[in-house]
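Here is the structure we will look at, set down as structure tokens.
Just so you know, these numbers use all the heavy atoms, side chains as well, and skip hydrogens, waters and symmetry mates. Below, read A as the first sequence line, B as the second, and so on, with proteins coming before strands; counting in each chain starts at 1. Quantities reported herein were computed from a predicted structural model and do not represent experimental measurements.
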There are 2 protein chains.
Amino acid sequence: MATIKDVAERVGVSVTTVSRVLNNRGYLSEDLKRRVYQAMEELNYQPNELARSLFRKKSNIIGLIIPDISHPFFGEIAIHAESYAYKKGYKILLCNSRLNKSKEKEYINMLKASQVDGIIMGSHTLDTKEYNSINLPIVTIDRQLSDSIPYVSSDHYKGGELATKLLIQRGCKKIAHISGNLKLHLLAKTRYDGFMDTVTKFQILHVVVETDLNGFKYEEYEQIVTDLFREHPDLDGIFASSDIIAAQVLKECRRIGKRVPEDVKVVGFDGIRVGEYITPELTTIQQPIKDIAKTAVKLLIDQINGTEVPRENILPVKLIEKETTLGNE
Amino acid sequence: MATIKDVAERVGVSVTTVSRVLNNRGYLSEDLKRRVYQAMEELNYQPNELARSLFRKKSNIIGLIIPDISHPFFGEIAIHAESYAYKKGYKILLCNSRLNKSKEKEYINMLKASQVDGIIMGSHTLDTKEYNSINLPIVTIDRQLSDSIPYVSSDHYKGGELATKLLIQRGCKKIAHISGNLKLHLLAKTRYDGFMDTVTKFQILHVVVETDLNGFKYEEYEQIVTDLFREHPDLDGIFASSDIIAAQVLKECRRIGKRVPEDVKVVGFDGIRVGEYITPELTTIQQPIKDIAKTAVKLLIDQINGTEVPRENILPVKLIEKETTLGNE
DNA sequence: CACCATATGTTAACCGGTTAACATCTTAAA
DNA sequence: TTTAAGATGTTAACCGGTTAACATATGGTG
């Protein structure tokens with residue numbers, strides 16, 4: 001690897017001068033610039049970012065901690081986050097916590113040691129105080145951690161309400177909500193609140209079951225959904241907390257001979273791209289995933305640059321009605 | 001952020017001594033170690049990895065360039081790659097090329113500037129010579145670049161053959177293969193070869209259409225599949241080059257009233273996790289994704305450590321027959 | 001007692017950049 | 001003609017670690 005010294009020697013100037021060209025500081029003739037750039041080209045020179053980062057105390061790296069990149073929701077968060085970050089000159093260091101406390105903790109330490117400029121937390125299994133002691137710009141997705149840490153989230157409460165109201169409006173008499181982990185203090189929990197408030201208001205029979213206690217295990221979904229229908233064969237409406245779980249519900253309905261939407265109506269959550277291949281076509285609450293990702297990165301970079309950012313960033317959800325809730329008006 | 005100097009001062013020793021403790025070099029009393037570790041704890045000290053990397057000329061970072069992390073296949077590659085890399089003390093810098101040449105090129109330069117120790121190329125839209133001039137350990141997934149660059153791939157040819165034979169065996173008379181991009185010189189192209197050799201051998205009517213010319217655009221799939229059935233209404237077998245495309249085929253069949261598997265039989269490729277939610281349940285050629293990812297990382301780390309690695313690494317595929325190819329024995 | 005392993009210290013160079021401070025020379029404007 | 005801006009150079013410190021080289025002190029062993 002060529003260094004700045006090699007470039008300087010080739011051009012016949014000092015490293016200071018080359019550095020000046022690189023950073024465009026001070027007075028520089030067009031001719032000099034041309035010669036320096038040409039030498040860089042010829043030597044295939046790239047400035048060593050480690051050295052620059054060390055000196056500048058800025059790595060231009062953002063840590064992204066999520067539970068599981070292979071889950072479509074986080075995959076989509078990641079591509080949009082990466083895309084926007086790249087545009088702004090930042091790189092993404094990828095961490096999958098698998099909702100494992102010690103792994104998440106280790107990752108946070110690793111990111112700090114790696115001198116990342118900030119962290120986007122899409123996984124948050126630790127205690128609030130752990131996050132407050134990180135001492136680095138942070139943005140969380142879907143969780144409110146403290147007064148000082150900004151968060152980005154879609155309007156889960158509204159989503160829960162929309163989904164539940166739709167099921168009631170479409171004639172459902174007994175509705176189940178399959179929620180994500182309710183103990184992690186996620187804002188996603190307010191989907192549950194929206195659900196509960198709505199079924200209570202309309203005095204509708206309801207059941208709630210919880211998933212995602214230890215990560216996103218599809219096998220776990222299968223067991224939960226099977227049990228749910230075994231214990232409550234009279235369910236006629238399901239509000240699932242992700243499109244994947246909704247797909248699992250549809251699969252189970254098919255297995256036990258319940259027709260969707262005739263016998264059971266289903267609403268998912270997320271609006272992931274692969275969701276469009278679910279059969280019958282899934283009614284879902286669409287989160288503005290791209291916007292969530294972009295906002296998270298933007299808020300983080302703003303913080304890195306020392307700008308004040310709003311603490312609460314709730315983005316709107318959208319009900320997309322397809323086949324799984326049709327009929328029975 | 002506390003530095004090694006702060007730790008040294010607190011313990012009352014020299015930085016050299018602290019560095020010795022950190023790296024466990026030379027003679028060190030248990031007492032000293034204890035005192036140093038305690039001071040690190042108290043100061044919440046983490047050694048600056050930028051400084052270490054700079055000196056060691058080793059960053060312990062691996063660049064991962066893939067077309068799109070939100071595509072389930074690459075999402076799964078990524079989580080397994082990250083998981084194994086982490087176990088071996090490496091971090092992952094994530095790059096999505098979106099199959100865009102200039103972006104891929106920029107990413108390669110960025111990774112070099114960031115002093116990554118090696119690159120896993122899951123996207124390869126550039127000319128072979130560009131990769132040969134990278135001058136860094138590389139492993140490719142699904143593409144053979146040169147004699148010196150090792151590659152990991154599943155046995156696509158076998159997969160193409162298995163899929164096609166199954167369709168023929170199940171009675172299909174006219175089969176379409178919806179392939180990925182055939183111009184990128186991917187090993188995935190040998191699925192096409194397996195398909196062609198098989199239909200030729202059994203003298204079966206066939207059609208081939210190509211997707212993924214400019215990234216993974218699901219809208220593109222829709223158009224291609226619609227056109228395919230419009231032009232060839234007599235198709236009774238489809239071998240799709242991904243589970244996602246197969247799902248699109250199923251969706252189109254449903255739209256135009258073709259029954260699967262009665263009228264049309266379908267085989268997918270990949271064996272992605274979300275594939276299990278496709279209805280009817282999809283017959284597919286399962287790639288050993290976890291093994292591919294792990295092997296790629298392992299080969300890269302071996303190269304980084306200066307070990308000779310085998311150039312060709314073809315892993316076996318597995319036919320998983322489900323509902324979309326049933327009947328007509 | 002000599003010797004060596006153990007345990008720590010000091011100093012300085014190095015990794016590859018950036019930057020401040022100061023010097024020198026040319027050229028154009030006042 | 002003076003003055004200032006433009007265009008470079010030199011030197012050295014700094015970022016936060018690592019490491020080689022060499023010094024010193026202690027304690028146990030042959």
Lys/Arg-Asp/Glu bridge criterion (N-O < 4.0 Å) met for [X], [Y]:
X	Y	result
A:K33	A:E30	yes
A:E76	A:K290	no
B:R10	B:D6	no
B:D117	B:K57	no

Just so I know, are the side chains of [X] and [Y] near enough to count as touching, which here means a heavy-atom distance under 4.5 Å?
X	Y	result
A:Y45	A:L22	yes
A:Q115	A:S53	no
B:L93	B:L111	yes
B:K103	A:Y86	yes

Distances under 3.5 Å only, N/O to N/O: pair up the protein atoms with those of nucleotides 25-30 of chain D.
none

**Request:** Go along nucleotides 2-7 of chain C 5' to 3' and tag each nucleotide: B for a protein heavy atom under 4.0 Å from its base, S when only backbone or sugar atoms are that close, - otherwise.
**Result:** ---SBB

**Asked** What string of B, S and - do you get for nucleotides 12-17 of chain C, 5' to 3', if B is base contact, S is sugar-phosphate-only contact and - is no contact with any protein heavy atom under 4.0 Å?
**Response** --BBBB

**Interatomic distance where CG belongs to A:D31 and P belongs to C:dT26 [whole Å]** = 17 Å

**Asked** Counting N and O atoms only, with roles assigned by atom type, does the side chain of B:E104 sit under 3.5 Å from a partner on the main chain of B:T125, one being a donor and the other an acceptor?
**Response** yes

**Asked** Is there a donor-acceptor pair closer than 3.5 Å between any side-chain N or O of B:N181 and the backbone N or O of B:K183?
**Response** yes

**Distance below 4.0 Å between A:R25 side-chain N/O and C:dA20 OP1 or OP2** = yes

**Message:** Over all strands shown, is A:S14 touching base, sugar-phosphate only, or nothing at heavy-atom distances under 4.0 angstrom?
**Reply:** base

